[in-house]
Amino acid sequence: MNAALSPSLPLDVVPAGLGPDDLLRMYRGMVTIRAYDERAMNLQRSGRISFCVISTGEEATQIGTAAALTATDWIFPSYRQHGVAMWRGASLEAMAHQLFGTALDNIKGRQMPCHYSFMDLRFISVSSVIGTQMIQAVGAAMAQQIQQTQDIAITYFGDGATSANDFHSAMNLAGVKKAPVLFVCINNQYAISTPLSKQTACTNIATKAVAYGMPGVTVDGTDVLAIYKATLAAADRARRGEGPTLLELLTYRHAPHSSSDDPSRYRELSEGEPWLAKDPIIRLGDQLVEWQVATVEDLERIKAECVEAVLAATKVAESAPLPDAATLFDDVYAELPASLQAQKTELLAALSASGHTSVGHAEGEFPL
Ligand SMILES: Cc1ncc(C[n+]2csc(CCOP(=O)(O)OP(=O)(O)O)c2C)c(N)n1
């Protein structure tokens, strides 16, 4: 914190228990996500990684929820929650190794870029299949009930995912079992090209909670402090044994759905302009200056440090070796069956004939 300032935090806006250093950490967390996303898209556009999914405009949904959890709660993310992993402690280098699929990637380069998995952080593998994480989260939450821990599960999904069967199965079971799970719907108004109005006849997603016997709360998804407050209240409720909550965080997906998408084919660029005025990073930054937690110069310095840290991490990953081709056959069978042994021999012979020994992510674009 800037020692020259004397912060004064408005108690009606800043949740109890959060001090100036916490607010600065939240700000840095959101700025890091934005810097990382911009870098990922640049790397993809310049052909250095094969694919990316970014979360511009959704930074507060990640930091506000993550900051309200304990370090041992279980996280079942969708593909726009990399900031939650960062908050939990995933290093930028570890994340960059995943983007490039290097030999130092903790999941050995076997997943599409942006499909992180950090078992030691209880950040469970991102699945591209929409909705799967919700029922898994309920299972993990029920396991906590049985084992009588104080841990809860949190699962994230988009507005589009509420049309998947998994949403309804998960919400129903969690409601009946009073499972300690938070359902966090990031309502960013779109499921690729499908707008919310074509996704549901409800005016909001939180309404759907009523059918499953749990509270549903709509929160401004650009207000990190409001998100923190709502998540903490829902988490406390779950820990008290009172069951699940559906949180709907209202925001806007400013970027393309993924690097394979072109939003100009289905919406006007100007449509997102009203949301720009509610940018979550500018919003918290303005508050920090107003409350004398930081100066404008402090915020600029934080931004520069985040950009530098992201750049350094991606540089390291870009120059790291790719996984050895032989590792493709590891970790599935204790003893490799003869059929796979034959394929391994064939692959290694073909690679060696062409002068290669390693495997990287496929070139070209993924369809997600
Ligand atoms: C079961 C399934 N159906 C379809 C797809 C193709 N798909 C990938 S992302 C996506 C849209 C998801 O939208 P939403 O849930 O709102 O999340 P957002 O991308 O907006 O974060 C679709 C339909 C998929 N991956 N899995």
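Index from 1, following the sequence. Each ligand, and each atom within it, is numbered from 1 in the order the structure gives. Worth knowing before you read on, the calculation uses all heavy atoms, side chains too, and leaves out hydrogens, waters and symmetry mates. On a predicted model such as this, the values are computed, not experimentally measured, just so you know.
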**Asked** When the ring planes of Y212 and H168 are compared, do they come out parallel, tilted or perpendicular, using 30° and 60° as the limits?
**Response** tilted
**Fill in**
One finds that the ligand 1 atoms under 4.0 Å from a non-hydrogen atom of G160 are 14 (P), 15 (O), 16 (O)
**Prompt:** Looking only at heavy atoms, is any part of I130 under 4.0 Å from ligand 1, and if so is it the side chain, the backbone, or both, or is it neither?
**Reply:** both
**Fill in**
Honestly, for Y79 the part within reach of ligand 1 (heavy atoms, under 4.0 Å) is side chain
**Request:** Give me the ring orientation class for Y252 and H254: parallel if the planes are under 30° apart, tilted from 30 to 60°, perpendicular past 60°.
**Result:** perpendicular
**Asked** Between A161 and ligand 1, which residue portion shows a heavy-atom distance shorter than 4.0 Å: side chain, backbone, both, or neither?
**Response** both
**Request:** Taking only heavy atoms of H257 into account, list the atoms of ligand 1 that are under 4.0 Å away from them.
**Result:** 9 (S), 19 (O)
**Message:** Under 4.0 Å from a heavy atom of N188: which atoms of ligand 1 are those, numbered in the order shown and with their elements?
**Reply:** 18 (P), 20 (O), 21 (O)
**Item:** Heavy-atom side-chain contact between I107 and Q98 under 4.5 Å
**Value:** yes
**Request:** Report the part of Q199 (side chain from C-beta onward, or backbone N, CA, C, O) that has a heavy atom under 4.0 Å from ligand 1; answer both or neither where that applies.
**Result:** neither
Run the side-chain donor-acceptor check on residues 169-183: report pairs under 3.5 Å with partners two or more places apart or on a different chain.
| from | atom 1 | to | atom 2 | distance (Å) |
| --- | --- | --- | --- | --- |
| S169 | OG | N165 | O | 3.0 |

Which pairs would a plain distance check flag for residues 10-24, meaning a side-chain donor or acceptor within less than 3.5 Å of a matching protein atom at least two apart in sequence or in another chain?
| from | atom 1 | to | atom 2 | distance (Å) |
| --- | --- | --- | --- | --- |
| D22 | OD2 | G19 | N | 2.7 |

**Request:** For residues E305 and E308, determine if any side-chain heavy atom of one lies less than 4.5 Å from a side-chain heavy atom of the other.
**Result:** no
**Prompt:** Should you measure from each heavy atom of G158, which atoms of ligand 1 turn up under 4.0 Å away?
**Reply:** 14 (P), 15 (O), 16 (O), 17 (O)
**Item:** Y190 touching ligand 1 at heavy-atom level, < 4.0 angstrom
**Value:** yes
